[in-house]
Amino acid sequence: MAGILGHVSGCIRTFLSGVALENTMSVTQLRARGALSPASRLTSDALLQKKRAGQPITALTAYDYPTARLLDEAGIDLILVGDSLGMVVLGYENTLPVTLDEMLHHTRAVARGLHRSFLVADMPYGSYHSSLDDALRNAIRFIKEAGAQAVKIEGGASRAELVKRLTAAEVPVVAHIGLTPQSVHSMGGYRVQGRSLDAIDRLSADAVALEDAGAIAIVLEGIPRELAATITDHSGVPTIGIGAGPDCDGQILVFHDLFNLTFGPPAKFSRQYGDGATFFADALQQYREDVTAHRFPSDAESYHLPREVQLAVASTLPRARKA
Ligand code: KIV
């Protein structure tokens, strides 16, 4: 019996190591290496030209290789590896626990998928809050090790010195003001910012200070449309809005909000472009039912012995049984 099995498995080995006419594993087809040449990538200057030409900048978050490729191939200008990954991908309650290593890991995955889009990585909470030296060291890792073209930091005029320091070290910085999720505790929750005269003055001054310090763009989150329009008008660098109305130079949303993949009702400012949750739930039910009912895999989805091995097995098995 052992001899027969040995013969059959030998044939299978020969068969499998022969010419591979089919995929024997689920492998993502990677792009040719040349496709990732830096020459094809958008730059911060290209984003600035869009602002000047009045062409809206399109931006979305991504956290992994396939999503990055889909966004890049769809022509999205700016891709942010946001620390929102903590909530939408890693299952944390807020963005505060996200670590530098997690951000670097996901930024590398996204960078591998990009051909054209401008790649920005969020610096997570704690990675730029203790000292300018630490912040610089951490920011450089995003550029040097993870392939980001810029980092994003949250905060207003109090971050101007940091923006100057990073910019001087060739680390382009996207600033982020208004509703800054890393300040959830000091803001007392996720609240629309900039509704009082004082707050309007403060946020307007923040935008000026950050631009003066060298920020290449400013994310405006969760502020009244009117304030976002004024900041955008007075800003020499692009503003990218999320919950800041239609008058910003660009718009960004969290990928999972676009596709109903957050297990909750959408925020007022976001729009669903597809129902991923229903799509996946239906497909998963179908898969479960097919396996349970022996409908998957079919014969066509199975590998087969070569004809001569089938014949050898058929002719040897009965003899083996007799012996
Ligand atoms: O982390 C994130 O996704 C962001 C965007 C919402 C701007 O900061």
Side-chain angles (χ1 to χ4, degrees), residues 47 56-64 67-68 71 76-100 102-107 109-110 117-129 139 142 146 148-156 159 163 172-184 187 189-194 203 206-207 210 215-223 228 231-232 237-245 248-259 261-262 264 266-272:
L47 301 177
I57 295 164
T58 54
L60 280 173
T61 64
Y63 315 100
D64 58 30
T67 314
L71 269 48
I76 301 299
D77 298 319
L78 183 154
I79 292 180
L80 170 71
V81 185
D83 61 354
S84 50
L85 102 91
M87 280 118 91
V88 297
V89 171
L90 301 180
Y92 296 142
E93 214 170 285
N94 54 43
T95 60
L96 302 181
V98 177
T99 67
L100 183 64
E102 285 165 341
M103 288 304 302
L104 288 167
H105 173 79
H106 286 270
T107 304
V110 169
S117 311
F118 186 77
L119 177 58
V120 182
D122 248 344
M123 293 195 66
Y125 177 64
S127 69
Y128 59 100
H129 300 77
F142 281 100
Q149 291 164 283
V151 297
K152 178 165 81 58
I153 59 174
E154 296 184 6
R159 299 272 180 252
V163 173
V173 181
V174 173
H176 180 162
I177 58 174
L179 193 169
T180 45
Q182 291 176 9
S183 321
V184 57
M187 285 185 310
Y190 300 114
R191 296 174 197 289
V192 173
Q193 303 292 301
L203 281 168
D206 283 343
L210 291 162
I216 58 159
I218 306 177
V219 169
L220 303 177
E221 178 167 358
I223 62 173
I231 291 176
T232 300
V237 295
T239 60
I240 317 277
I242 172 164
C248 302
D249 296 310
Q251 296 293 330
I252 185 162
L253 283 177
V254 169
F255 178 87
H256 292 63
D257 285 337
L258 239 68
F259 296 106
L261 291 172
T262 57
K268 172 186 167 88
F269 62 80
S270 79
R271 188 181 293 177
Q272 276 179 17

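Start at 1 and go down the list; that is how both ligands and their atoms are numbered. This chain uses plain numbering: 1 for the first residue, then up along the sequence.
Every atom of ligand 1 with a heavy atom of H176 under 4.0 Å away is listed here by number and element: 8 (O). Every atom of ligand 1 is numbered from 1 in the order shown, and the set under 4.0 Å from a heavy atom of S84 is 1 (O), 2 (C), 3 (O). Interface of T61 with ligand 1, defined as ligand atoms under 4.0 Å from a residue heavy atom, comprises 3 (O). Near G82, meaning under 4.0 Å from any of its heavy atoms, are these atoms of ligand 1: 1 (O), 2 (C), 3 (O).
Residue contacts with ligand 1: D83 is placed with a nitrogen or oxygen under 3.5 Å of a nitrogen or oxygen of the ligand (distance criterion only). Between D122 and ligand 1, at least one N/O pair is under 3.5 Å apart. The shortest N or O to N or O distance between E221 and ligand 1 is not under 3.5 Å.
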Exercise. Just do the side-chain contact (heavy atoms from CB on, under 4.5 Å) check on V89 and D64 with the steps written out, would you?
Key: CA-CA 10 Å; V89 171; D64 58 30; over 6 Å; no

Exercise. Would you please test D77 and F118 for side-chain contact (heavy atoms from CB on, under 4.5 Å) and show each step?
Key: CA-CA 6 Å; D77 298 319; F118 186 77; over 6 Å; no

Practice problem: Give the intermediate values and the outcome of side-chain contact (heavy atoms from CB on, under 4.5 Å) for residues T180 and Q193. | Solution: CA-CA 9 Å; T180 45; Q193 303 292 301; over 6 Å; no

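A donor-acceptor pair under 3.5 Å is absent between the side-chain atoms of D206 and the main chain of G156, judged by distance alone. Looking at Y128, its side chain does come within 3.5 Å of a backbone N or O of E154 through a donor-acceptor pair.
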Hey, can you pull the donor-acceptor pairs under 3.5 Å for the side chains in residues 238-245, sequence neighbours left out?
from, atom 1, to, atom 2, distance (Å)
T239, OG1, T232, OG1, 2.7
T239, OG1, D249, N, 3.1
T239, OG1, D249, OD2, 3.4

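Residue E154 places no heavy atom under 4.0 Å from ligand 1.
Between I216 and L47, the closest side-chain pair of non-hydrogen atoms is not below 4.5 Å. A 4.5 Å side-chain heavy-atom check between R159 and H129 finds at least one atom pair inside the cut-off.
In terms of protein heavy atoms, atom 6 (C) of ligand 1 is closest to I242 CD1, 3.5 Å. Among protein heavy atoms, the minimum distance from atom 8 (O) of ligand 1 is reached at K152 NZ, 2.9 Å.
Residue-level proximity to ligand 1 for L85 is absent, since no heavy atom of it falls below 4.0 angstrom. Heavy atoms of L80 found under 4.0 angstrom from ligand 1 belong exclusively to the side chain.
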